Amino acid sequence: MNRTYRALAGGFAAALLAVSLGGCGDSQQSWIGKKYHKVGYNTFQASQPPRTVASAINRKFKSIDRVDDLARYGSGGGVFLRYPKMVVGVTPYGRGSRITLDKPSGGYNRYYSHVGHRWSAPGSGGWNKHGIASFRGGGPGSGK
């Protein structure tokens, strides 16, 4: 009996450790919040140009997809990073950049003129790791 309790306690301790260590990584939002100056709700400023900022974010958190239309639109363009549960927009702002963080549907709608030709609309749960909508809806005939 004593051996059984020790095994259970050891398993429980290992599971607890794995869960606690799994939560140690920064999310995109918290990392961006620590690195850049907050200027509004989910909006930040950086002194570096958009491509530099977007590259730093993408190095830290590999995006599913990236759209860079600065060459095409100049100061009206930006770099847009797509994650399963977030869209990060990095646009020119003076000599630096403005960074916005949106949920998938909000970011897709906000930056549709930049990303609509390349990204599909997100599902209710965002996008999956392959970049496609994670929910296709229900209704008659679904799942056939």
Side-chain angles (χ1 to χ4, degrees), residues 5-144:
Y5 287 118
R6 273 192 237 153
L8 286 173
F12 179 75
L16 185 61
L17 179 65
V19 168
S20 65
L21 288 178
C24 287
D26 280 339
S27 69
Q28 291 98 333
Q29 187 169 3
S30 66
W31 185 82
I32 289 169
K34 290 175 189 172
K35 189 162 176 71
Y36 301 106
H37 176 69
K38 185 171 187 161
V39 293
Y41 178 74
N42 285 340
T43 306
F44 303 85
Q45 276 183 273
S47 58
Q48 302 88 8
R51 286 189 179 124
T52 304
V53 173
S55 291
I57 296 168
N58 201 41
R59 270 193 306 278
K60 179 70 176 171
F61 302 99
K62 182 70 176 143
S63 62
I64 294 171
D65 197 9
R66 172 186 170 128
V67 171
D68 179 343
D69 65 4
L70 286 166
R72 183 175 184 183
Y73 293 112
S75 63
V79 181
F80 309 95
L81 305 172
R82 177 171 60 163
Y83 295 95
K85 303 281 184 191
M86 181 180 291
V87 173
V88 177
V90 186
T91 55
Y93 187 74
R95 292 184 175 188
S97 303
R98 175 157 292 193
I99 306 158
T100 58
L101 310 177
D102 291 292
K103 291 181 179 179
S105 60
Y108 179 79
N109 291 335
R110 180 195 301 235
Y111 297 119
Y112 179 81
S113 62
H114 302 277
V115 301
H117 66 283
R118 181 145 165 196
W119 296 353
S120 62
S124 61
W127 294 282
N128 67 22
K129 67 181 179 179
H130 303 293
I132 57 177
S134 60
F135 177 71
R136 292 183 44 206
S142 67
K144 290 185 179 177

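Predicted model, so just to flag it, every value in this text is computed and none were measured.
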Check: Lys85 side chain, Gly125 main-chain N or O, donor-acceptor pair, under 3.5 Å: yes

Output side-chain donor-acceptor pairs under 3.5 Å for residues 52-68, partner residues at least two apart or in another chain, one line each.
unit_1, atom_1, unit_2, atom_2, d
Ser55, OG, Arg51, O, 2.9
Asn58, OD1, Ser63, N, 2.8
Asn58, OD1, Ser63, OG, 2.9
Ser63, OG, Asp65, O, 3.3
Asp65, OD1, Arg118, NH2, 2.7
Asp65, OD2, Arg118, NE, 3.2
Asp65, OD2, Trp119, NE1, 2.9
Asp68, OD1, Arg51, NH2, 3.4
Asp68, OD1, Leu70, N, 3.0
Asp68, OD2, Arg51, NE, 2.7

Any side-chain heavy-atom pair of Thr43 and Arg98 under 4.5 Å: yes

Candidate pair Arg82 and Val115, rule side-chain contact (heavy atoms from CB on, under 4.5 Å), full reasoning: CA-CA 10 Å; Arg82 177 171 60 163; Val115 301; over 6 Å; no

Exam field: side chain Asp69 to backbone Gly78, donor-acceptor pair closer than 3.5 Å: yes

Test item: Gln45 and Tyr36 side chains (from C-beta on) under 4.5 Å apart, heavy atoms: no

Geometric class of the Phe80/Tyr111 ring pair [parallel <30°, tilted 30-60°, perpendicular >60°]: tilted

Partner set under side chain to side chain donor-acceptor pair (under 3.5 Å) for Gln48, not counting sequence neighbours: none

Criterion side-chain contact (heavy atoms from CB on, under 4.5 Å) on Tyr73 and His114, from CA distance to verdict: CA-CA 9 Å; Tyr73 293 112; His114 302 277; 4.2 Å; yes

For Pro92 against Pro50, the heavy-atom pair lying closest together: N-CG, 3.6 Å

All side chain to side chain donor-acceptor pair (under 3.5 Å) counterparts of Thr91, not counting sequence neighbours: none

Student check: side-chain heavy atoms of Ile32 and Ile99 closer than 4.5 Å: yes

Lys103 NZ to Asn109 CG distance, which is reported to the nearest 0.5 Å: 13.5 Å

Heavy-atom side-chain contact between Ser120 and Trp127 under 4.5 Å: yes

Smallest separation among heavy atoms of Ser97 and Pro49, with atom names: OG-C, 3.0 Å

Minimum-distance pair of heavy atoms, taken over all atoms of Phe44 and Asn42: CE1-C, 3.8 Å

Heavy-atom pair of closest approach, residues Pro104 and Gly126: CG-CA, 3.7 Å

